[in-house]
Amino acid sequence: MSKDTPLPSAEGFEPRIVAFFCNWCTYTASDLAGTSRMQYAPNTRVIRVMCSGRIDPRFVLQTLREGADGVLLGGCRPGDCHYQSGNYKCLRRFKLLKRYLAQMGVENERVRLEWIAASEGDRVQKVTNEMVEQIRKLGHCRLEQIPRPETEPAAETHDLEQVGAGGMI
Amino acid sequence: MIMHRKSPEDQPRIGVYVCHCGVNIAAKVDVEHVRDFAASLPGVVVSRDYKFACSDPGQELIQKDIREHDLNRIVVASCSPQLHERTFRRTCADAGLSPFFFQMANIREHVSWVTVDPGAATTKARALVAAAVRRVARAEALALRQVPVRPEVLVVGGGIAGIHSALTLANAGKKVFLVEREPTIGGHMAQLDKTFPTMDCSACILTPKMSDVKNHPNITMWTYSEVDEVSGFTGNFKVKVRRKARYIKEELCVGCGDCVDACVMKKEKVQVPDEFNVGLSKRKAVYMPFPQATPACMVIDPKQCLQLMKGKCAQTCVDACERAAVDFDQTDEIVEIDVGAIVMATGFRPFDAKRIPEYGYGRFDHVYTTLEVERLVNASGPTGGEVVLRDGTVPKTVGVIHCVGSRDRRHNAYCSKVCCMAALKMAHLVKERTGAEVFDFYVDMRTPSKGYEEFYDQVLSEGVQFIRGRVAEVTDWAMTPEEEGKLVIRVEDTLIGVARRVPVDMVILAVGLEPQVDTAEMQRRFNISCSQEGFFLERHPKLAPVSTFTDGIFLAGACQGPKDIPEVVAQAGAAAAEALALVDRGHVDIEPNTAWIEEEACSGCKTCIPLCPFNAITRDEEKAIAVVNDAMCKGCGTCVAACPSGAAQQNMFTDEQIYEEIEGVLAYV
Amino acid sequence: MKYLYYPGCSLKGSGRSYEESLLASFKKLGVEMHELPDWNCCGATAYMAVDEMKAFALAARNLALAERYGDGEPVTLVAPCNACYLALMKVQKYMAEYDEVGRTISDALASADLSYRGGVRVRQSLDVLLNDVGLDLLAEKINHPLGQWKVACYYGCQAVRPFAPFDDEYNPMSMDHLMRSIGAEPVDWPLKARCCGGTLTGTIPTVGLRLSYIILREAIDRGANVVATACPLCQFNLECYQSQMGREYGEDLDMPIVYYSQLLGQALGIDDRSLGLQRHFVPLTAAAAVG
Amino acid sequence: MSKPKAGFYWCASCGGCEESVVDLAEDILGVVEAIDFVFFPVAMDFKREDVEAMEDGEMTVCFINGAIRSSEQREMAELLRRKSQVLIAYGSCSYQGGIPGLANLCSREEIFKFVYHDSPSTDNPQGTRPQVRFDAPEGELELPSLDKEVKSLDQVVEVDYYIPGCAPPTALLKAAVEALLSGDMPPKGSVIAPDTALCDDCPRIDTKPAEPLITEFKRPWQIQIDHEKCLLAQGLLCLGPATRGGCDHACIDGNMPCSGCMGPVSRVRDQGAAIISALGSLLNHDDPDEIDKALDGIPDPAGTFYRYGIPHSTLYARCGITAGNGES
Amino acid sequence: MAQRTPRMSNLHITRRIKYQNELDLGFGKVMTSIPGAEDLLRCIQCGTCSSTCPLSIYMDHTPRKIIAMTRAGFKDEVLSSATIWLCASCYSCTVDCPKKIKITDVMYALKRKAIEEKVWPRGLPIPVLAKEFFASVLRTGRANEGRTVAKVWLKTRPLKLLANMGLGLRLMARGRMSMKSERMTGSVDQLRKILDSVHNSDTGHSPG
Ligand SMILES: Cc1cc2nc3c(=O)[nH]c(=O)nc-3n(C[C@H](O)[C@H](O)[C@H](O)COP(=O)(O)OP(=O)(O)OC[C@H]3O[C@@H](n4cnc5c(N)ncnc54)[C@H](O)[C@@H]3O)c2cc1C
Ligand SMILES: Cc1cc2nc3c(=O)[nH]c(=O)nc-3n(C[C@H](O)[C@H](O)[C@H](O)COP(=O)(O)OP(=O)(O)OC[C@H]3O[C@@H](n4cnc5c(N)ncnc54)[C@H](O)[C@@H]3O)c2cc1C
Ligand code: SF4
Ligand code: SF4
Ligand code: SF4
Ligand code: SF4
Ligand code: SF4
Ligand code: SF4
Ligand code: SF4
Ligand code: SF4
């Protein structure tokens, strides 16, 4: 267990993010980011699964429980799944999970699903940096502050089309 | 056979090898530190760093340790598993250890190459090593599955790449299916006039190969056909091919052309631009792309033929054909084939010069692309080999512009590799045919292959004027009387450092090479990847340049990236050899990362059954539980994640292994 | 249709007739234009050269005001002057793309209790006419088609470069379509978006004048009898220095340089005075008689 | 041979668990015959002092139902743990926090505020709140204090066995008592109930189609519920696939979907996540908007999927509470 | 111009060399930190910018050369070059550059650097114009073209002012120019605050 892991001090806080990437697209993309020497924040640790359909909500919860500050899920773009539709299954679970997480006070930015095609090394870079930046702002994931004031079960806004579009400002 | 064995009785004895990869890793990651850190992890018996783990001595070191220290688990922290997982698994297997007791930590692609700060890189590497060590402790002994491989090979695309691959395979005694979308094989090479650098006539070297394909007993050639669907996996692909209706019976047609003469579309204005001549001439509804087309068989264009569109035509073609080969009742036919390997040879598409409006293509009549001029200078082309402009005149001054659509971040950032040489070829040919003054506007001259620089040297000596500068604009805006009525090329002569305006009669745009329009669709259909610029992605640019990330599918020719004919042919040969190596062996080993269901734990809730994309899960009605057919399971793990009873499990990706990895990556401070 | 309108300094000064004719035409077309209250100078060209951040700040304040005006609703801010259009587009884009610009400008706005969150759509008036009002409606409202005009549509640089999403940066056509819809005949010419010299006419006149002259010359050579512009600076350069150009190049130049909106206004039956035509040096009417 | 001594105590509970003992009906006589109840505040007049007077480990077994939220409950749990050889968490509240555990979604202050001030039925003009100490004419009174959060029994003391259910099925109680008496107990930490999910013995399983069966979620009052057909297939949120069996499908027989009171099976770490995964996978929509629309039919996911187990859930367990020593 | 036969006497033979220590080698890199100039080092010297630029024919160094010189550290030559002041901000180069280098922004940045280092060509009214313009904006929130231009000429080339009087008067007569300033409807204080904030920020891209 990571219980012995000291929490980073508030200043100099470096988020710890665990990424679950599917083997075919997103993991390949992060390899491509590597072979293209795209530099990005060192805060993520990638766990490879064969398909985003393998990503069990329990992994996400366990990851947060073990002290991660963010979880990034990555799969093939809609229509590109190596196993046809694992990414859709992932998306549906994810949307439901996010509603629960919102109720538990886990900020929206902490758990993110991205479709990243094998050729999009630059998106691995962009998404990672963006997420690290966002979570740096949020600070450490302090679930120990539960119970929290009621949170509206925020509607999840992570749409297939919107993924990656990156809203303005 | 898969053994579902829980963790072995014996305690894990783990060996960890931290690779320097020369300086690729060691320059960023403190490998000694990671090595020492690994040594402190539970279960680790040996921990070493090594310069090149994948080298022979590196592998021998691991094997020696396995024997001497009785290691039963191996972790190599090095590059991506996509690259060397197989290498090290084999290392383990050769030392008598089940290859699945091996785990890789990716500290190169995911760490040293992407991290700025060495401290952070080392920390990240430690985390990944910790995770791998914890994960491997939970590894189980599994056996590879062996599946028989079908001996047939499918080649998709009948350009020079596909032709060469098909012939190589067929000559090795394998049955080949060659599927070509157009009515004839030949691809772009068939459209070329002469080929650099030797300037041999393209048709002369290509046509014999085309007829070899047609006549080879081992090759089934299907033109005017497309692959609709691919399923299965390496060694056992099932492919559905759509043979589009030609409306001509291929087995009867002898290509005599009587039907074409008879076709009612006599007037040019009802005819359509001829694809083969890049729109420089017109064709009727029934046509053959070019005289040497293979097969020498007509085709009727359903978007053009009056009978097919409106159901109303005198059908003069039918009457004209003595062999009664015209058949308006033909419909698309779907053929299913089984093949062991697939070679993709779908080629390229020339850059659409209209996308650079400042060059005036499509706006000014006398702006051409190199491909169009290939047809113009060709003796069997629309002008019988005369270089005459659209207004019938012979150009006296010609400008050739390089890098059209290439090396341009607004379009394609890459260099198209063949267009410098193609431009030089045009300069040479046009000068030779017309005696015109030729200006060649280049950015950098790229002539790096055998005989290419020599060709450049020759063109230089022929008196072509070379101006180093990328053209800003081709315009009809005249500043001087001499410019009136001409196309003016505005450019900076960068070697001299002044702006110039060069009036010419004809402009030739050396268009770049782009991925085929439907590459994304093909990528999906064949389940392979594309690189950033949209060409099919090879497994490794140097070490596996013809393999894809999908086992059993190989790449040949310009579909993988811009290249010229010598390179295309070399690659096509390589792809054929790889395919041959696969189908000739007769079987493939398949990773046993399949799912299985724990009988006692399954409640028979049926959640998993509809989720399997390959219908691998069925319900055993007697036991009222779900069962995975592991021959059909491809190991996506969707059912595993969804099972609300924890009854479905996946070999190599068990819940426990992933939980260990989660805890491992987080326990790094 | 309702828009927020940013006139910019020129449309209140040398370019008055642009404002007059544009607002009159829009009114006739049933489009409401509300002038952005309390707007300030956009900080265009000259200023960028001296202090870019301040130029950005000036432009951004207008966007902030517009966003606040919208009160949560999406706002479209119409900037008919090319320079203003570019300045507003540029700050919007750079705030989003460059952290440093975004941060500095946001802080500066915050110091005055303002903020800008990217909620304003900046558009050129040509874009609105073509794509919102639409040629169909125009065709309906035109009651005095202008058959006598052969128009050289002159867009200038900054309407189509480098940010404009509504037209081609090499061969823009929106004004050409507009002119055709009012019955005039646009001439096909290659210098539609070539630089008129901008402020160089004032600062380095030999060069500036020549640039303007080249444009005028080509328009004449291509058979135009009027030049329509979309930018007060272009209009000023081409018209007000015409006699100087004539002297310099020994030619009699007598080309009316008007705003496209003035021609549009005429076609909509608006009287010349309301379109500010009396403000021009080369009278439109005279040339028409000749043409 | 003297009869084994047993205790039965309630903490934060509704009384349903006691009812379940009464539900043993005539079997209760057998129990009473075999066991000597030495502490059973609901039924018999023993006092805390009586327990304190016992030797440590004097009771063979003690059943505790209800969750732990007050100082008194904690003290009693600790006391009873000392005095008994086998401690059994009885019922969902004791096992995983149960319905009282849902209070953990709000802060203590919010709860006070609502109960003593804001609730529509409250009439408390002085704004009085209960105090731990209170000076009454009779002298100083002391009340138990309310903990910051609700815990399951095993988050406070070590627990030997669990009997799940809200309330626990009598059959399980009977089986536990029999096992105790015969000395044939499963390994420590076990949940005394079958280890397959409810669908396993649900009478409706044959009517459950093997296809992505959910297009929208409905509440029971919104539809005319078919008595035969799988409830999930009717769009009702049946947690049966993720819930341990052993309840004899009582809710299903009552034409009500399973709400998950028996907790997850032993291999599942988190019941809520398991059902989120299963339901999410089976949702028959690919379009993000459609998915959202369907999910709007679950207004309170935390309360729905973790109705009986918030304190034991993976996420909540990071709140600094020990995870408990049980299976999950 | 007729070509004169060169004679030894009018052949200008000069020795030209640039020593490494005369360069500012980090100049190009420094410039890339300026928003818009980040891609400067990617230039492939293709010359598209120069050939599309309507002003390059007047420039002492073509835009391409300016990029090359900036990159190579020819800082003095670049900053004292007429080129940067001839750039009319037409953005042709920026949209045509195959490497997506925002040359116009680079030109702006170089102008600012030149002003900062006080090396702009003397007599060139541009910095004065900008200053006057700034003053006008600070006073009223808006620019008054007439006043600004008049003042600039007054300060730089009084004769020019006279020469252009006629034009000014004609414009005034047509209501296109006024010495009376347009003003913002609100107070300029808010605007001042904003500009002060930028002034005090540490962007390093404001010459201050
Ligand atoms: C103007 C020009 C001049 C050139 N001159 C020379 C030269 O002188 N010397 C030289 O060495 N190289 C030259 N080249 C390069 C040369 O043309 C290419 O290297 C070569 O043609 C590539 O061959 P290929 O088989 O990979 O692709 P292609 O020739 O493009 O063939 C691909 C084939 O696949 C078919 N196809 C595509 N998609 C599908 C599908 N989905 N299903 C079935 N079939 C499909 C296509 O119809 C086509 O027949 C020139 C290129 C150009 C543009
Ligand atoms: C300085 C330099 C840097 C380079 N960097 C790169 C790079 O970064 N990326 C890249 O892709 N390429 C690079 N290259 C090119 C690359 O090195 C070659 O493409 C590659 O090594 C060629 O491999 P080869 O097997 O054909 O020839 P070689 O590596 O030359 O191998 C030929 C072998 O044959 C043996 N041999 C020769 N004659 C006989 C004989 N008669 N009998 C038996 N054995 C014989 C030789 O001893 C030798 O071992 C670089 C080349 C140089 C010079
Ligand atoms: S390629 Fe991989 S294994 Fe080989 S040396 Fe490099 S990192 Fe090590
Ligand atoms: S279809 Fe008949 S007429 Fe036409 S080419 Fe074939 S054989 Fe000849
Ligand atoms: S090969 Fe030559 S013309 Fe083609 S992109 Fe490369 S440099 Fe340009
Ligand atoms: S792992 Fe994937 S392929 Fe295998 S049975 Fe499960 S769902 Fe089907
Ligand atoms: S989801 Fe799990 S419990 Fe349900 S049928 Fe499948 S394997 Fe059995
Ligand atoms: S989902 Fe519910 S109703 Fe359906 S079979 Fe399972 S337990 Fe029974
Ligand atoms: S156009 Fe761009 S790449 Fe070409 S010389 Fe100019 S700045 Fe360099
Ligand atoms: S922006 Fe400047 S440098 Fe670029 S083309 Fe225009 S005038 Fe020339």
Side-chain angles (χ1 to χ4, degrees), chain A residues 1-2 4-6 8 14 16 18 20 23-25 27-28 30-59 62-63 66-68 79-86 89-90 93 117-122 124-125 128, chain B residues 79-83 106 108-117 119-121 123-124 127-128 131 135 520 523-524 527-534 537 540-541 549-550 593 611-614 634-642 650 652-653 655 658-659 661-669:
Chain A
M1 298 288 269
S2 62
D4 49 353
T5 306
E14 274 305 318
R16 297 192 292 172
V18 176
F20 293 89
N23 180 60
W24 305 96
C25 290
Y27 193 90
T28 308
S30 60
D31 274 359
L32 180 64
T35 40
S36 321
R37 310 297 200 276
M38 293 172 177
Q39 308 293 306
Y40 55 83
N43 307 52
T44 47
R45 285 91 182 80
V46 177
I47 292 178
R48 181 169 67 121
V49 287
M50 293 313 284
C51 173
S52 53
R54 175 69 182 97
I55 304 172
D56 189 325
R58 283 167 272 185
F59 298 165
Q62 187 69 16
T63 305
E66 291 296 332
D80 288 356
C81 175
H82 188 85
Y83 304 97
Q84 294 170 16
S85 55
K89 288 152 194 159
C90 179
R93 292 175 196 147
S119 56
E120 297 179 308
D122 54 330
V124 172
Q125 177 188 41
T128 308
Chain B
C79 44
S80 169
Q82 309 263 28
L83 188 64
N106 186 346
R108 195 179 73 173
E109 281 82 347
H110 285 192
V111 183
S112 68
W113 279 351
V114 293
T115 310
V116 180
D117 175 53
T123 310
K124 187 171 179 183
L128 297 183
R135 191 188 205 281
Q523 170 198 2
R524 222 163 300 175
N527 226 329
I528 55 184
S529 303
C530 284
S531 50
Q532 205 120 30
E533 64 274 17
L537 184 67
H540 188 280
F549 284 102
T550 301
N593 67 356
L611 300 182
C612 178
F614 308 106
K634 292 198 190 156
C636 66
T638 304
C639 58
V640 184
Q650 184 184 9
M652 298 170 66
F653 290 89
D655 284 350
I658 290 170
Y659 285 126
E661 233 180 317
I662 294 172
E663 291 180 16
V665 290
L666 286 168
Y668 67 79
V669 176

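We name chains A, B, ... by the order of the sequence lines, and we start the count at 1 in each one.
The two residues B/Ala121 and B/Val111 make their nearest non-hydrogen contact at O-CG1, 3.2 Å. The two residues A/Gly34 and B/Val114 have their closest heavy-atom pair at CA-CG1, 3.5 Å. Taking each heavy atom of B/Gln532 and A/Gly121 in turn, the nearest pair found is NE2-N, 4.5 Å. Closest non-hydrogen pair, B/Cys636 versus A/Arg54, comes out as O-CB, 3.4 Å. When every heavy atom of B/Gln523 is checked against every heavy atom of B/Cys530, the shortest pair comes out as OE1-SG, 3.6 Å. In terms of heavy atoms, B/Lys634 sits closest to B/Phe614 at NZ-CE2, 3.6 Å.
When heavy atoms are compared at a cutoff of 4.5 Å, A/Val49 approaches chain B by way of both its backbone and its side chain. Looking at A/Ser36, neither its backbone nor its side chain comes within 4.5 Å of chain B, counting heavy atoms on both sides. Both the backbone and the side chain of A/Arg48 come within contact range of chain B, each with at least one heavy atom under 4.5 Å from a heavy atom of that chain. B/Ile528 does not touch chain A: none of its heavy atoms, backbone or side chain, sits under 4.5 Å away. With a 4.5 angstrom heavy-atom cutoff, B/Ile662 touches chain A via backbone and side-chain atoms both. Both the backbone and the side chain of B/Asp655 come within contact range of chain A, judged by heavy atoms closer than 4.5 Å. With a 4.5 Å cut-off on non-hydrogen atoms, A/Thr128 does not touch chain B at all. Residue B/Glu533: no heavy atom, backbone or side chain, is found under 4.5 Å from chain A. For B/Thr115, the parts sitting under 4.5 Å from any heavy atom of chain A are the backbone and the side chain alike. Only the side chain of A/Phe20 comes within less than 4.5 Å of a heavy atom of chain B; its backbone N, CA, C and O stay farther away. For chain A, no part of B/Ala520 is nearby; none of its heavy atoms comes within less than 4.5 Å.
Of the listed residues (B/Asp117, B/Ile658, B/Asn593, B/Thr550), the one with the most heavy-atom contacts under 4.5 Å to chain A is B/Ile658. Residue with the most contacts toward chain A among B/Ser112, B/Gly635, B/Ser529, B/Ala120: B/Gly635 (heavy-atom pairs, distance under 4.5 Å). Interface check for chain B: of the options A/Val124, A/Val46, A/Leu32, the most heavy-atom pairs under 4.5 Å are formed by A/Val46. Looking only at heavy-atom pairs under 4.5 Å with chain B, the residue among A/Arg58, A/Gln125, A/Glu120 that has the most is A/Arg58.
For B/Phe653, there are no ring pair (Phe, Tyr, Trp, His ring centres under 6.0 Å) partners at least two apart in sequence or on another chain.
For the pair A/Arg93 (side chain) and A/Pro57 (backbone), a donor-acceptor distance under 3.5 Å is absent.
The aromatic rings of A/His82 and A/Trp24 sit parallel to each other, their planes meeting at less than 30°, with 60° as the upper class boundary.
A side-chain donor from one of B/Ser80 and A/Asp31 sits under 3.5 Å from a side-chain acceptor of the other.
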